[in-house]
Amino acid sequence: MRKQKPVRLAFFKEEIRCYGVKSALVGRIAKNYYNEIKSEDKKEIFDLCEELFRSDYCEEAFIAADWAYLIRNDYSEDDFFTFEHWIENYVNNWAKCDTLCNHAVGSFIEKFPEYVEKLKVWALSDNRWVRRAAAVTLILPARKGNFLNEVFEISDLLLKDGDDLVQKGYGWMLKEASKSHRQEVFEYVMNNKKKRCPEPPSDMQSRKCHQI
């Protein structure tokens with residue numbers, strides 16, 4: 001497949017690398033090739049994921065994130081540090097962040113809930129994508145009504161973050177938490193609305209990322 005030059009797409013503020021393959025096709029490719037590697041042990045699959053992330057192409061990162069999620073039943077506690085390494089070193093836009101964290105990292109936290117404390121450390125990172133990851137990792141658990149206290153604690157840490165993509169990350173997390181805890185989230189937002197940074201202008205990305 002011919003690689004394209006870095007491009008700036010409507011959903012992204014930063015320059016990204018992509019092949020231009022539609023997400024539905026990327027998903028089919030991920031599942032088809034997973035059938036060829038699923039007999040390998042977790043380390044081999046994670047090594048393949050690492051190679052895909054290292055390429056810096058969005059589609060390859062999406063495949064890696066999908067494969068990492070598909071072996072969620074085999075997660076062990078030390079996998080947290082693999083995920084952390086990938087976020088710190090290979091995640092460089094909101095799509096890579098959300099694709100990896102919503103499913104693979106979120107599933108890890110559900111399996112090993114004591115590691116939710118590590119997300120609070122992420123919220124203090126100098127890396128904007130690690131800070132966003134602290135919030136978007138809890139999107140699906142929060143949607144199920146879980147980790148409400150941690151949702152509020154992470155929101156507290158990110159409340160005055162001036163990065164709009166971090167703001168949108170924890171705003172999305174609160175929105176999902178409100179589906180099971182409407183009153184509690186409403187009270188939290190009202191109590192803190194004067195403390196947070198001004199809401200950044202809405203854009204196509206914010207609408208897109210909330211469709212998971």
Side-chain angles (χ1 to χ4, degrees), residues 1-7 9-12 14 16-113 115 129-130 132-133 135-144 146 169 172-173 176 179 204-212:
M1 184 179 293
R2 182 175 62 88
K3 292 186 177 181
Q4 297 180 346
K5 294 180 179 180
V7 294
L9 300 179
F11 293 138
F12 300 89
E14 57 280 316
I16 67 164
R17 292 177 180 270
C18 67
Y19 295 111
V21 180
K22 292 184 178 181
S23 58
L25 179 55
V26 174
R28 291 198 295 273
I29 292 170
K31 288 178 173 56
N32 288 342
Y33 279 95
Y34 178 73
N35 288 332
E36 297 186 15
I37 65 167
K38 63 184 179 181
S39 61
E40 303 289 340
D41 63 29
K42 182 178 66 177
K43 182 183 183 305
E44 291 295 325
I45 294 175
F46 273 3
D47 285 347
L48 290 171
C49 292
E50 177 95 14
E51 289 186 36
L52 290 169
F53 276 121
R54 194 181 295 126
S55 78
D56 197 33
Y57 278 78
C58 285
E59 291 92 340
E60 294 189 31
F62 300 159
I63 291 170
D66 199 8
W67 287 355
Y69 173 67
L70 288 171
I71 58 173
R72 61 194 178 278
N73 291 336
D74 296 327
Y75 288 167
S76 59
E77 291 190 48
D78 58 351
D79 292 333
F80 177 85
F81 303 100
T82 298
F83 295 140
E84 185 174 59
H85 166 73
W86 290 345
I87 295 165
E88 290 177 344
N89 291 279
Y90 304 128
V91 167
N92 52 20
N93 62 60
W94 63 263
K96 291 180 184 178
C97 185
D98 296 4
T99 303
L100 175 60
C101 294
N102 286 164
H103 299 285
V105 188
S107 295
F108 175 91
I109 294 297
E110 289 182 309
K111 186 170 184 177
F112 302 105
Y115 278 80
W129 304 117
V130 177
R132 182 179 173 99
V136 300
T137 290
L138 291 183
I139 294 298
L140 298 183
R143 183 182 294 174
K144 300 172 187 175
N146 300 326
W172 183 17
M173 175 180 65
E176 296 303 325
K179 293 177 179 178
M204 297 173 74
Q205 183 272 332
S206 63
R207 294 193 296 272
K208 177 76 171 180
C209 72
H210 291 173
Q211 294 175 0
I212 288 184

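The basis for the numbers below is simple: all heavy atoms, side chains too, and nothing from hydrogens, waters or symmetry mates. This chain uses plain numbering: 1 for the first residue, then up along the sequence.
- The closest side-chain heavy-atom distance from Asn102 to Trp172 is below 4.5 Å.
- One distance of note links CG of Asp98 with CH2 of Trp129; it measures 8.5 Å at 0.5 Å rounding.
- The SG atom of Cys18 sits 11.0 Å away from the CG atom of Asp56 when rounded to the nearest 0.5 Å.
- Applying the salt bridge (Lys or Arg N to Asp or Glu O under 4.0 Å) rule to pairs touching residues 69-95 yields Lys42-Asp79, sequence neighbours excluded.
- For Tyr90, the side-chain hydrogen bond (donor to acceptor under 3.5 Å, both in side chains) partners are Glu50, not counting sequence neighbours.
- Annotation: ring pair (Phe, Tyr, Trp, His ring centres under 6.0 Å) contacts of Tyr69 (sequence neighbours excluded): His103.
- The two residues Cys101 and Ile87 make their nearest non-hydrogen contact at SG-CD1, 3.7 Å.
- Under the 4.5 Å side-chain criterion, counting only non-hydrogen atoms from C-beta, Ile71 is in contact with Phe46.
- For the salt bridge (Lys or Arg N to Asp or Glu O under 4.0 Å) test, residues two or more places apart in sequence or in another chain that qualify with Lys179 are Glu176.
- No side-chain heavy atom of Ile109 sits under 4.5 Å from any side-chain heavy atom of Pro141.
- Rounding to the nearest 0.5 Å gives a distance of 8.0 Å between OG of Ser39 and CD1 of Ile45.
- Lys22 is linked by a salt bridge (Lys or Arg N to Asp or Glu O under 4.0 Å) to nothing, counting only residues two or more places apart in sequence or in another chain.
- One N or O on the side chain of Lys111 and one on the backbone of Asn73 form a donor-acceptor pair closer than 3.5 Å.
- Atom OH of Tyr75 is separated from atom CD of Glu110 by 10.5 Å, given to the nearest 0.5 angstrom.
- Counting all heavy atoms, side chain and backbone alike, Val136 lies closest to Cys97 at CG2-SG, 4.0 Å.
- Counting all heavy atoms, side chain and backbone alike, Glu60 lies closest to Ser55 at OE1-OG, 3.0 Å.
- Using modelled atom types, one side-chain atom of Glu59 and one backbone atom of Gly20 make a donor-acceptor pair closer than 3.5 Å.
- Side-chain contact between Phe108 and Phe83 is present, with at least one heavy-atom pair separated by less than 4.5 Å.
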Which donor-acceptor pairs under 3.5 Å do side chains of residues 27-36 form with protein atoms, sequence neighbours excluded?
{"from": "Asn32", "atom 1": "ND2", "to": "Arg28", "atom 2": "O", "distance (Å)": "3.3"}
{"from": "Asn35", "atom 1": "ND2", "to": "Lys31", "atom 2": "O", "distance (Å)": "3.4"}

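- From Phe62, atom CZ reaches atom CG of Leu52 across 12.5 Å, with rounding to the nearest 0.5 Å.
- Put simply, CZ on Phe53 and CD1 on Ile63 are 10.5 Å apart, with the number rounded to the nearest 0.5 Å.
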